[in-house]
Asks: 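Handing you a structure now.
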Amino acid sequence: MWQKVSIIVPVYNVERYLKRCVDSLIKQSYPNIEIILVDDGSTDNSFSFCKEYALKDSRIRVFHKENEGLGLTRNYGIKRALGEYVTFVDSDDYLTLDAIESMLGKATTTNADVVIATHYYKNEEQKVAVPERLYSGSEIKEALMVHMMGNKGNQLDALSYTAWGKLYKKDLFIKNNLCFPSERKLIWEDLAFSIEAYPLCKKVYVSHKPVYYYCFNERSLTHTYKPNKLDLVMELYRYLYRKIQNLNFPIEAQYRLDTNFVGHIRTCIKLEVFYANANGFGTAIQNIRKICSRGDVQKLIRSYPKTSFSKVQYIYNFAMEHKWVYTIYFLTWLQNKKKRIE
């Protein structure tokens, strides 16, 4: 086991977190790595920090380009990767010190195209609902990809679809011309990428070992307010709906996808309430009314099985169906008071 692994790290305005991230990479127990830091047009000191680190460790390669977003920055790194395997790390997160050794060991012993590991969130290990083993052939679609579409109702059994926390054969990208979409066109580009990538795999290994620390960052792309966020959410929903049909996924996949996106619609409403002080109460109410009045939103929430809701969710969904925007605002405000948007 001496294959080179390329660790691709997109960097954008993360000077506060970058040292923690890069330190976890240079201290990996498996030494045959290259660390590709791609600065995506940062306006803070991130690029200078990258260049300083490159002087300290010859395994670090630094690139700078105009801002294009996370997905296209990963593609930029893939094209320049020299390793037989690649993995992705977001620059505000970090790895366990044996992450590469652990994932590469599974990849080489099983000849898996992808190794899916788990992660820590708020220092708690995130459990994996599917058994640890090698999956091949139709199992990849029926056992793994179905779970990637989301939870089954209130069962917390979704499988992570993120690009990070995984090890990929680089040939998977090269031979199939596989790349990440821009999140400016398809929000949550990792999910759009996954539904393209995993059908190309012959073998996928699922490991229950946590190798990645996912850190909540309120400034991250996922949590940034965008007036057109719901447009992007529903565009991705339609894209995934078509892919599920074309790939002949089991019917359970559609149920899981709907569960996932009912939650994302609620998150769009949460963001309107969360940013009401900045945008104005009247604007928040107007935008919530627009969300609830959309035909695609109404179709999804009306068709979703009511038995899958908790009591609170049932009331919330009923209010959305009937466009009781002030009730929705108040319920969301109460929820935001109890829990940050994450």
Side-chain angles (χ1 to χ4, degrees), residues 69 149-154 158 161 181-192 195 216 218-244 253-342:
M149 293 302 101
N151 292 318
K152 188 176 183 180
N154 288 320
Y161 59 76
S182 170
E183 67 276 9
R184 295 171 184 176
K185 295 181 179 179
L186 282 176
I187 195 170
W188 301 305
E189 73 288 344
D190 287 7
L191 183 51
I195 205 167
F216 178 73
E218 289 181 333
R219 297 180 182 178
S220 73
L221 179 68
T222 308
H223 307 99
T224 303
Y225 175 81
K226 297 182 183 68
N228 69 331
K229 184 165 186 175
L230 185 61
D231 291 332
L232 297 173
V233 167
M234 297 312 293
E235 178 62 30
L236 178 60
Y237 176 81
R238 289 188 289 271
Y239 172 81
L240 294 171
Y241 177 87
R242 291 192 297 268
K243 294 295 292 187
I244 285 175
Q254 185 63 54
Y255 175 47
R256 289 177 178 272
L257 182 70
D258 289 352
T259 301
N260 193 353
F261 277 79
V262 166
H264 286 317
I265 292 168
R266 292 188 191 128
T267 297
C268 289
I269 294 174
K270 288 180 185 179
L271 286 168
E272 293 294 344
V273 175
F274 189 77
Y275 284 93
N277 287 338
N279 298 335
F281 174 76
T283 298
I285 290 295
Q286 183 180 23
N287 289 342
I288 293 170
R289 182 174 284 110
K290 287 179 180 178
I291 290 172
C292 294
S293 298
R294 288 179 59 128
D296 50 3
V297 169
Q298 282 291 322
K299 181 179 179 181
L300 179 55
I301 62 176
R302 287 177 183 272
S303 64
Y304 189 77
K306 304 298 186 288
T307 54
S308 299
F309 290 132
S310 66
K311 289 183 179 179
V312 173
Q313 290 171 338
Y314 183 88
I315 295 169
Y316 197 95
N317 190 75
F318 188 85
M320 287 183 66
E321 282 189 27
H322 293 82
K323 305 169 193 172
W324 295 347
V325 292
Y326 289 97
T327 301
I328 294 167
Y329 184 97
F330 179 69
L331 291 173
T332 307
W333 179 81
L334 286 177
Q335 188 177 21
N336 286 355
K337 290 278 286 184
K338 293 180 180 179
K339 183 179 179 181
R340 294 189 307 175
I341 297 175
E342 301 181 16

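No experiment lies behind these values; they were computed from the predicted model shown.
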Asks: Under the side-chain contact (heavy atoms from CB on, under 4.5 Å) rule, what do Asn336 and Lys270 come out as? Steps first, then yes or no, please.
Replies: CA-CA 7 Å; Asn336 286 355; Lys270 288 180 185 179; 3.9 Å; yes
Asks: What I'd like to find out is whether the side chain of Met320 reaches to under 4.5 Å of the side chain of Val297, using heavy atoms alone.
Replies: yes
Asks: How close do Pro181 and Leu186 get, heavy atom to heavy atom, and via which atoms?
Replies: CB-CD1, 4.3 Å
Asks: Show the nearest heavy-atom pair for residues Gly153 and Tyr255, with the distance to one decimal.
Replies: CA-OH, 3.4 Å
Asks: Hey, is NZ on Lys306 packed in by over 12 heavy atoms from elsewhere, all under 6.0 Å?
Replies: yes
Asks: Over 60° means perpendicular and under 30° means parallel, so tell me whether Trp188 and Phe261 are parallel, tilted or perpendicular.
Replies: perpendicular
Asks: Within the 4.5 Å heavy-atom criterion, are Gln313 and Val262 side-chain neighbours or not?
Replies: no
Asks: If I take atom NZ from residue Lys185 and atom CD from residue Glu235, how far apart are they, to the nearest 0.5 angstrom?
Replies: 11.5 Å
Asks: Compare every heavy atom of Cys292 with every heavy atom of Ile328, then report the nearest pair and how far apart it is.
Replies: CD1-SG, 3.5 Å
Asks: Should we count OH of Tyr241 as having more than 12 external heavy atoms under 6.0 Å?
Replies: no
Asks: If you define the side chain from C-beta out and look only at heavy atoms, does anything of Tyr316 sit under 4.5 Å from Thr332?
Replies: yes
Asks: Under 3.5 Å, side-chain donor or acceptor atoms of residues 277-291 against the rest of the protein: list the pairs with distances, not counting sequence neighbours.
Replies:
unit_1 : atom_1 : unit_2 : atom_2 : d
Thr283 : OG1    : Asn279 : O      : 3.2
Asn287 : ND2    : Glu272 : OE1    : 3.1
Asn287 : ND2    : Thr283 : O      : 3.4

Asks: Over all heavy atoms of both residues, which pair between Cys268 and Val233 is shortest? Give the atoms and the distance, please.
Replies: SG-CG2, 4.0 Å
Asks: Would a line drawn from the ring center of Tyr304 to the ring center of Phe309 be shorter than 6.0 Å?
Replies: yes
Asks: For Asp190 and Tyr161, indicate whether the former's side chain and the latter's backbone hold a donor-acceptor pair under 3.5 Å.
Replies: no
Asks: Between Leu232 and Lys229, does the side-chain contact (heavy atoms from CB on, under 4.5 Å) criterion hold? Intermediate values first, please.
Replies: CA-CA 5 Å; Leu232 297 173; Lys229 184 165 186 175; 5.5 Å; no
Asks: For residues Arg238 and Asp296, determine if any side-chain heavy atom of one lies less than 4.5 Å from a side-chain heavy atom of the other.
Replies: yes
Asks: Using the rule given for salt bridge (charged side-chain N to carboxylate O under 4.0 Å, His left out), can you reason through Lys299 versus Asp258, listing the C-alpha separation, both sets of side-chain angles and the distance that settles it, and then say yes or no?
Replies: CA-CA 11 Å; Lys299 181 179 179 181; Asp258 289 352; over 6 Å; no
Asks: Return the CG to OH distance between Leu334 and Tyr329, rounded to the nearest 0.5 Å.
Replies: 11.0 Å
Asks: Does the side-chain contact (heavy atoms from CB on, under 4.5 Å) test come out yes or no for Ile265 and Met234, once each step is laid out?
Replies: CA-CA 9 Å; Ile265 292 168; Met234 297 312 293; 4.2 Å; yes
Asks: Please answer whether the main-chain N or O of Gln298 pairs with a side-chain N or O of Glu321 as donor and acceptor at a distance below 3.5 Å.
Replies: no
Asks: When you look at Ile195 and Leu191, which way does the side-chain contact (heavy atoms from CB on, under 4.5 Å) test go after all the steps?
Replies: CA-CA 6 Å; Ile195 205 167; Leu191 183 51; 5.8 Å; no
